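Below is one structure, written out as structure tokens; the observations come after it.
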Amino acid sequence: MAVLLHRLGHRAYRHRKLVLVVWLALLAALIACVSVFGGKLDDRFTVPGTESQRALDTLGKTLPEASGVGAQIVFTAPEGHRVTETPYAAAIAGAEAAAAKAPQVSAVIGPRTSGAVSADRTTAIVQVQYSVQRAEVHASSLDTVEQAAKAAEKDGLKTFVGGSVYGSNGVHIGPSEIIGVVVALLVLVVTFGSLLAAGMALLPALLGVAVGLTGLLALAPVVSISSTAVTLALMLGLAVGIDYVLFILSRHRQQLARGTDPRESMALADGTAGSAVVFAGSTVIIALAALSVIGIPFLTTMGLGAAGAVLIAVLAAITLLPALAGFAGARLAPKPGSKAAQRATEPDGPAEKATLGSRWVKTVVAKPLLTVLAVAGILVALALPAADLRLALPDNGSAPVSSTERKAYDVVGDKFGPGFNGPLLVLTETDNGPGAQAGAQAAQKLRDLKGVKAVLPPQPTRDPGQTVIQVIPETGPDSARTDRLVRDIRVVAPDIREATGARVAVTGTTAVNIDVSNRLSDSLLPFMAIVVGLSLILLTMVFRSLVIPLKAAVGFLLSVGASLGLVVALFQWGWLADAFGLAHTGPVVSFLPIILIGVLFGLAMDYEVFLVSGMREEWVHTGMARRSVIDGARHSVRVVTAAALIMFTVFAGFFPLDDALIKPIAFALAVGVAIDAFAVRLTLVPAVLALAGRHAWWLPAWLQRVLPDLDVEGTRLQKGSEAERKEPERVS
């Protein structure tokens, strides 16, 4: 790999104009595709093969308005009045009529038909049904419904519009994300001590992100892509893109400071640091692509979309960076006499000894057992809340407090009960004769179940053998008791069929979301086992050691556990929720743990390779175990620290978004990177290796012969370059 990347770096540097033109042409073509063919993002959560999805698909054919999204117009009378009073009842009826004229609306059900009036007669609900999914609802249609609600306010009513037609805010680039990039630029300036080098690190990453995002959006007309998938691709593409370029460019500048020819230096950096980038990027891509095996379409597109963004980031780092470095030439070299130049040319000099990273590694290695016990104890303590992890998909209860959908959600929950925000649909089907009688009997059976607040009369569909029964739980859609009620309905389904002759299937948005969460929960441990097993195999091949892979796997598990523990404490238990400005606390977003595992795995391997490869190189040269840990680590600490700070800043920049899906993911990834980089890789890793001594680099002879030598550090390439430099220079 190192030899191949060395050649690639040479050619990209030499043909820099062509490489740059290709990247810019690709970006222009993708932008044109998005402009001409741009499709809509689809935020549906579907679970093929589950009972809820099969029943929902059936209703899509026989009762489309029940399978589509819906809007709620919530009316509240002024204090001391009731919505049943003539002026207010007339205003509600007028809003019904206006909403019925909105495009795509298939049915409008007012309180006089549904009985949706609160017990104190102060609040009423008008249901607006669509026969299409949320991604297909036109903005003009929703505007008409909102205008119908506002018209009623002229008569003194308070109105809020909510319902399942509202959801994720989609991709949003705001001040916080821009601040994250600015902070990343400042970190690069401090790291390199050069504005030119900092800009050189940022430019390929930004261009790679632009290509990755436009490429993903260009697929929207033919592939179902969610807004969360696009935001995750943006987040990851930006974070890893800057980090990967940083690693290669740092090696390039070190070599320039030592007098290496700029073109050869860039090729060597591409072959050595670039090999580690390709390895680290490949692990992230594999882990994210593995999300497709879970069998949930929106998670598949999310994983593949993010994996594509990481792939583009890797390609930009190993091709676009050498090309841009070709334009800069020797100007990227650190200024003579600067600290950067001293670190590169005098690795044992005063500038290096004075660094905080060098002092930190020496402190850690001085008392390795105490360090291991302290770090492991703290991380285990942080991970304890993860034992109470509950998973669910967010609803309008997680929306910003100021939004109309959140206000409607809160009013409905307060006046009607939390179950009205997440009703269940029960489909009954009979093979012979009309299903109305069987549906009525099934409804009676459902009323006897624990956790049921109300059961509405069966509604017929276009199929005479079918009815749809709306079941109102006592608890909200993200409650464990609602999950239990869904399970109970499925348990009694055979008894209902025996008594009534009707097959019973529970569905609806709430049931589908519960099935999504349950499948993700069931997939969590097998997915983690696959990822940990993969890390053991890959690191054994890279470092020719048994201790290092085991230590890396344990460290990875500690990082994931601590991150999930902090997520549970903040987002589920509500610790410091007010300080962080959280609008809602409750179960954790159901796909967050798997996303965290997949992403953090790749990033952990990234830092592991860059940190430990230097130690292994020192060990091979000196054979001194503890000294190799100190000397090998101190050369990488500065770059790994900068990379972690950049990645933390980029992820944290997405935390202020008022999006219930993105906010917890951004928090989990930010704290996960911080914990893994600083607590595990820069503290636990040197301590464990110092404690293990020579045994850290031991591998059975038979395994040495079996395993392929990946040469991620580019040892053979460096030896070849040294041999070439010893030969007389040839005039080209």
Side-chain angles (χ1 to χ4, degrees), residues 1-9 204-205 208-209 211-212 215 232-233 235-248 251 269-293 300 302-322 527-528 530-544 548-549 552-553 556 594-613 616 640 643 647 669 673 676 681 707-715 717:
M1 181 188 295
V3 174
L4 178 64
L5 290 175
H6 179 269
R7 293 172 183 168
L8 181 64
V209 167
V211 170
L232 182 64
M235 193 188 307
L236 281 180
L238 190 59
V240 302
I242 297 175
D243 270 14
Y244 292 164
V245 171
L246 168 64
F247 287 131
I248 298 176
R251 180 67 63 91
D270 224 29
T272 53
S275 295
V277 163
V278 171
F279 170 79
S282 298
T283 59
V284 181
I285 292 168
I286 291 170
L288 290 171
L291 296 177
S292 59
V293 303
T300 297
M302 191 181 301
L304 293 178
V310 174
L311 175 61
I312 296 298
V314 171
L315 293 176
I318 62 177
T319 62
L320 185 57
L321 174 62
F527 183 75
M528 180 174 285
I530 292 172
V531 168
V532 171
L534 180 64
S535 70
L536 290 173
I537 295 171
L538 291 175
L539 289 177
T540 301
M541 290 190 295
V542 170
F543 293 114
R544 327 291 293 177
I548 290 175
F556 167 69
I594 282 182
I595 292 291
L596 176 65
I597 291 169
V599 173
L600 201 57
F601 165 68
L603 303 183
M605 297 306 100
D606 191 343
Y607 299 143
E608 184 79 11
V609 168
F610 275 90
L611 189 64
V612 180
S613 59
R616 183 173 184 268
V640 170
M647 198 164 287
L669 292 177
V673 165
D676 192 82
R681 308 303 154 190
L707 290 178
D709 187 0
L710 298 181
D711 190 29
V712 170
E713 303 97 332
T715 304
L717 181 63

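The model shown is predicted, which means the values in this text are computed figures rather than measured ones. Both backbone and side-chain heavy atoms feed into the values below; hydrogens, waters and symmetry mates do not.
Here the straight-line distance linking atom CD1 of Ile312 with atom CG of Leu236 works out to 14.0 Å at 0.5 Å rounding. With values rounded to the nearest 0.5 angstrom, Ile248 atom CD1 is found 8.0 Å from Leu5 atom CG. The distance from the CG atom of Leu288 to the CD1 atom of Ile594 is 11.5 Å, given to the nearest 0.5 Å. Atom CG in Leu321 sits 13.0 Å away from atom CG in Leu315 (nearest 0.5 Å). Note that NE2 of His6 and OG1 of Thr272 are 9.0 Å apart. Values are rounded to the nearest 0.5 Å. If you take CE on Met647 and OH on Tyr607, they are separated by 4.0 Å, rounding to the nearest 0.5 Å.
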Subject >> side-chain contact (heavy atoms from CB on, under 4.5 Å) between Phe601 and Ile286, intermediate numbers included >> reply: CA-CA 10 Å; Phe601 165 68; Ile286 291 170; 6.0 Å; no

**OP:** Verify side-chain contact (heavy atoms from CB on, under 4.5 Å) between Ile318 and Tyr244, making sure each step is shown before the conclusion.
**Re:** CA-CA 9 Å; Ile318 62 177; Tyr244 292 164; over 6 Å; no

Original post:
Can you check side-chain contact (heavy atoms from CB on, under 4.5 Å) on Val284 and Val599, steps first, answer last?
Top reply: CA-CA 6 Å; Val284 181; Val599 173; 5.5 Å; no

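Closest of all the heavy-atom pairs between Ala290 and Phe527 is CB-CE1, 3.7 Å. Summarising the geometry of Ala316 relative to Gly208, their closest heavy-atom pair is CB-CA, 4.3 Å, with the distance given to 0.1 Å. A pairwise comparison of heavy atoms in Leu320 and Pro204 identifies CD2-CA, 3.8 Å as the closest pair. Between Gly9 and Pro322, the shortest heavy-atom distance links the atoms O-CB, 3.9 Å. Annotation for Leu539 and Pro549: closest pair C-CG, 3.8 Å, computed over non-hydrogen atoms. Of all the heavy atoms in Ala205 and Gly241, the pair that sits closest is CB-C, 3.5 Å.
In this structure, Arg544 and Leu707 have side chains that are in contact, with non-hydrogen atoms separated by less than 4.5 Å. In this structure the side chain of Arg616 never reaches within 4.5 angstrom of the side chain of Ile548, judged on heavy atoms. By the 4.5 Å heavy-atom criterion applied to side chains, Leu669 and Leu600 are not counted as neighbours. With a 4.5 Å cut-off on side-chain heavy atoms, Val277 and Val245 do not count as touching.
Judged as a side-chain hydrogen bond (donor to acceptor under 3.5 Å, both in side chains), and not counting sequence neighbours, Thr283 has no contacts.
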